[in-house]
Amino acid sequence: MKKIQMVDLKGQYENIKETVNASIQEVLDTNTYINGQQVHTFQKNLEDYLGVKHVIPCANGTDALQIAMMGLGLKPGDEVITADFTFAATVEVIALLQLTPVLVDVEEDTMNISLDAIKKAITPKTKAIVPVHLFGRAANMEAIMDLANEHNLYVIEDNAQAIGADCTFSDGSKKKAGTIGHVASTSFFPSKNLGCYGDGGAIFTNDDELAHIIRGIVNHGMYIRYHHDVVGVNSRLDSVQAAVLNAKLPKLDEYNKARQEAARKYSEALGSHENIIAPKVEDINDGHVFHQYTLRIIGADRDGLMQHLLDKGIPCAIYYPIPLHLQKAYLDVRYMEALFPITNRLVQEVISLPMHTELDDEQIKFITDAVLEFLNK
Ligand SMILES: *Cc1c(COP(=O)(O)O)cnc(C)c1O
């Protein structure tokens, strides 16, 4: 059996080596490392793939979130509601811009931001909601957009984990995650569903005026060369990374399908165990692209299971071990434990298994057997 990796970037590269190498070679031949043709091509290719009017590439997913918030003109003291159960980047940029983060609990079944919790957190100072499409599953964007429109709030989608996922609306129509809110951000960190070979990110919007503002912000606030109209940043996707992404974007749907297939096999083997809550087999469709495959372990020793898997050479991880409202940097007197019952439970129960595009049946069986062996002991 091949050694099991949490994310198998090498195995994936071996299968696309020629395309990726040729694409990178083009950059070396043309010597335009910044803002080269590859960056423009990638921008256009991703706009077409997502069905969004504007993609603005930038240096990473954290910058993308920050720049999206700068573009909307949010001001110090404005309250921004986001999920307590996510990676810290989301709340970090809110705090960095001196906006006021308001963390709220998530829903038990999807682990995404809770609509009820958002409703309770809205005040006259609230200016924006940041849903995170956690682990590859889109948040309930239809309801979130309705609520945001009712209260005149911006919606910024953190789509770092769900590129390619579909959101289905009640009329049956579908839109890609990241194309529904006023603006969205994504990350091309190597282990993300669409990863480059370094850092990368992008901002998406259908709003022409906002896209124009953001194109200036990523480039030192310049709209005309050496005229700085607003305070900006320097945040670029370089041509080599864009070349890698151009080679990989045509494979994204196939890659997401491979993740869904692996998830289906995991859930078939594990879903009926009394100590496990697994993603439901019937929920595994285009709406979930499994950036992570995450189990909840109920009434059994989650940390013991983790150690058992690691001892057998199976990588696994706890995403995320500490709720953001308990992180030193983001403590706030307004947060009471009673506001976060689901997140407080999830951090004790979750464990993420290896998930990538190269998992084979033998590896999946080895992993699921090891999980069952521990729980049935
Ligand atoms: C990875 C990630 C980010 C940040 O992306 P970087 O490219 O690493 O800056 C932001 N939000 C979420 C939810 C992420 O998973």
Side-chain angles (χ1 to χ4, degrees), residues 6-7 9 42 46 55-70 80-97 99 101 103-104 106-107 110-113 128-139 141 144 155-165 177-178 181 183-204 218 233-238 240-242 244-245 248 256 259 288-294 317-325 327 329-330 343 346-347 350 352 355-356:
M6 195 69 187
V7 179
L9 291 177
F42 174 65
L46 190 57
V55 165
I56 302 116
C58 67
N60 58 66
T62 310
D63 275 9
L65 270 169
Q66 177 183 329
I67 293 159
M69 288 176 203
M70 290 169 76
V80 179
I81 297 173
T82 194
D84 190 31
F85 189 58
T86 176
F87 181 57
T90 324
V91 67
E92 176 178 78
V93 299
I94 299 171
L96 198 64
L97 292 172
L99 312 174
L103 295 166
V104 301
V106 294
E107 290 174 350
T110 64
M111 306 192 210
N112 276 324
I113 195 163
I129 305 168
V130 187
V132 182
H133 304 310
L134 198 72
F135 301 151
R137 175 197 275 235
M141 286 305 294
I144 291 171
V155 174
I156 304 156
E157 295 173 74
D158 181 346
N159 198 31
Q161 300 190 1
I163 195 154
V183 59
S185 62
T186 201
S187 164
F188 306 120
F189 186 80
S191 65
K192 302 282 157 112
N193 290 36
L194 178 62
C196 56
Y197 294 164
D199 273 311
I203 302 137
F204 320 144
V218 298
V233 296
N234 168 26
S235 189
R236 297 185 281 241
L237 179 73
D238 69 65
V240 171
Q241 300 311 333
V244 173
L245 292 165
K248 288 179 73 173
N256 282 340
R259 288 171 178 274
H288 196 328
V289 293
F290 289 95
H291 176 59
Q292 299 296 343
Y293 180 84
T294 302
I318 310 301
Y319 301 120
Y320 296 93
I322 304 170
L324 290 177
H325 80 273
Q327 299 282 0
Y330 305 112
T343 303
L346 290 176
V347 296
V350 290
S352 298
M355 176 47 80
H356 52 79

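The first residue of the sequence shown is numbered 1, and numbering continues consecutively from there. Indexing begins at 1, ligand by ligand and atom by atom, following the structure's order.
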Closest to atom 1 (C) of ligand 1 (judged by heavy-atom distance), picking from K192, Q66, E92
K192
When you look for heavy atoms under 4.0 Å from ligand 1, do you find them on the side chain of N60, its backbone, both, or neither?
both
Of E157, H288, H291, which meets side chain to side chain contact (heavy atoms under 4.5 Å, CB included) against H133?
E157
Considering non-hydrogen atoms only, spot the tightest contact between F290 and R259 and give its length.
O-NH1, 3.0 Å
Close approach, D199 and ligand 1, non-hydrogen under 4.0 angstrom
no
Please list, in number order, the atoms of ligand 1 under 4.0 Å from a heavy atom of V132.
13 (C)
Could you check I113, N159, D158 and say which one makes a side chain to side chain contact (heavy atoms under 4.5 Å, CB included) with V132?
D158
Closest heavy-atom pair and its distance - V7, M355
CG2-O, 4.2 Å
Is the closest N or O pair between G61 and ligand 1 shorter than 3.5 Å?
yes
Contacting atoms of ligand 1, where contact means under 4.0 angstrom from a heavy atom of A160:
2 (C), 3 (C), 10 (C), 11 (N), 12 (C), 14 (C), 15 (O)
Nearest non-hydrogen partners of I156 and A68, listed with the distance
CG2-CB, 4.1 Å
Report yes if the side chains of T294 and L134 come closer than 4.5 Å at any heavy-atom pair, otherwise no.
no
Checking the N or O distance criterion of under 3.5 Å, is ligand 1 in contact with T86?
no
How far is atom 15 (O) of ligand 1 from the closest protein heavy atom, and which atom is that?
Q161 NE2, 2.8 Å
Examine F87 together with F189 and report whether their ring centres are nearer than 6.0 Å.
no
May I ask you to decide if the ring planes of Y319 and F135 are parallel, tilted or perpendicular, using 30° and 60° as cut-offs?
tilted
What is the closest protein heavy atom to atom 11 (N) of ligand 1, and at what distance does it sit?
D158 OD2, 2.8 Å
Within the structure, does T62 bring an N/O atom to less than 3.5 angstrom of an N/O atom in ligand 1?
yes
Is any N or O atom of S187, backbone or side chain, closer than 3.5 Å to an N or O atom of ligand 1?
yes
